[in-house]
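All remarks here apply to the structure that follows.
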Amino acid sequence: MRCVVANWKMNLASEEARSFCEDLLAHFTPSAGTEVGIAPPFTLLHLVSGLMRPKGIMVFGQNGHAEAKGAFTGEVSMPQLRDAGCSGVILGHSERRQFFGETDAALAKKIKAAWQWDLLPLLCIGETLDQRDAGQTLQVLGQQLSILAETGPGPLWVAYEPVWAIGTGRRAEAEQVREAHAFIRAELNRHFAGSEYQVPILYGGSVTPESFPELLGIPEVAGGLVGGASLDPKKFAQLVKQAS
Ligand code: PEP
């Protein structure tokens, strides 16, 4: 199975989102082996899920709180994401780790909460440039995946997103992607040993229609989590076609 997910981050207002969806649908043909998802900001979830879910496109939250409800001003819970039409939730994006203090301990709770509310977690992991330069990449990825020892197995997608490649226009080299994805697969096999769950591993970090075909040819790359290029419906439709 191939997976292509658009992370809109904190971009677009309702009319822009509506015209994106119309444009994407004009250029998009669903294909059996490819899951397509869009992760809009919270304010656009109802609108986007109303337009996209009937066409078989998944909608993801960009974050979700581990508690179902309560005094957590500014947060959105997993049941609220479900209620807004989501079938998945991005967790642990590097911008959340970097700017909002997201910890591995909190992420383990969020994954369990997502499962409780029947949402598919898309867990993002990746090293910073300092960590790569210090030769710590695989150690960092192993640490970030170690929360799966606590959650146990379940439905999951993982995105390998080297932090230094996100929004920078600097895509990781094929060999770096190959090594990271092979390591992630081995760790997933260890944590989910004996379970029925197949976990696709997406690559994220400055994916464009120019770079995506090469990435898709790397073993264990099941698709892409796309930021910048996903704001252009024609480019995003092209990425979906390349994956299909
Ligand atoms: C992302 O936000 O997950 C991402 C990969 O962004 P970009 O494609 O802009 O690097």
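Both counts, for ligands and for their atoms, begin at 1 and track the order of listing.
- Of all atoms in ligand 1, listed by their number and element, those nearer than 4.0 Å to a heavy atom of Gly205 are 5 (C), 10 (O).
- Leu129 is listed as a side-chain neighbour of Arg170, based on a closest heavy-atom distance under 4.5 Å.
- Ring pair Phe20/Phe236 is tilted by interplanar angle, where 30° to 60° counts as tilted.
- Heavy-atom contacts of Gly167 reach the following atoms of ligand 1: 7 (P), 9 (O), 10 (O) (cutoff under 4.0 Å).
- Counting protein heavy atoms only, atom 4 (C) of ligand 1 is closest to Gly227 N, 3.6 Å.
- In this structure, atom 9 (O) of ligand 1 lies nearest to the protein heavy atom Gly228 N, 2.8 Å.
- The backbone N or O of Glu127 sits nowhere less than 3.5 Å from a side-chain atom of Thr137 that would complete a donor-acceptor pair.
- Residue-level proximity to ligand 1 for Ala165 is carried by the backbone, the only part with a heavy atom below 4.0 angstrom.
- Salt bridge Glu214/Arg171: present, at least one basic N to carboxylate O contact under 4.0 Å.
- Under 4.0 angstrom from ligand 1, the non-hydrogen atoms of Asn7 all belong to its side chain.
- Test His93, Lys110, Arg97 against Glu102 for side-chain hydrogen bond (donor to acceptor under 3.5 Å, both in side chains) and you get one pass: Lys110.
- Ring geometry for Phe192 versus Tyr197: interplanar angle over 60°, hence perpendicular rather than tilted (30 to 60°).
- A heavy-atom separation below 4.0 Å is not found between Ala229 and ligand 1.
- Within ligand 1, counting atoms from 1 as listed, the ones closer than 4.0 Å to a heavy atom of Leu225 are 3 (O), 5 (C).
- Looking from atom 3 (O) of ligand 1 to the surrounding protein, the closest heavy atom is Glu161 OE2, 2.7 Å.
- Of the candidates Leu225, Leu141, Leu202, Tyr160 forms a side-chain contact (heavy atoms from CB on, under 4.5 Å) with just one, namely Leu141.
- When only non-hydrogen protein atoms are considered, atom 1 (C) of ligand 1 lies nearest to His93 NE2, 3.2 Å.
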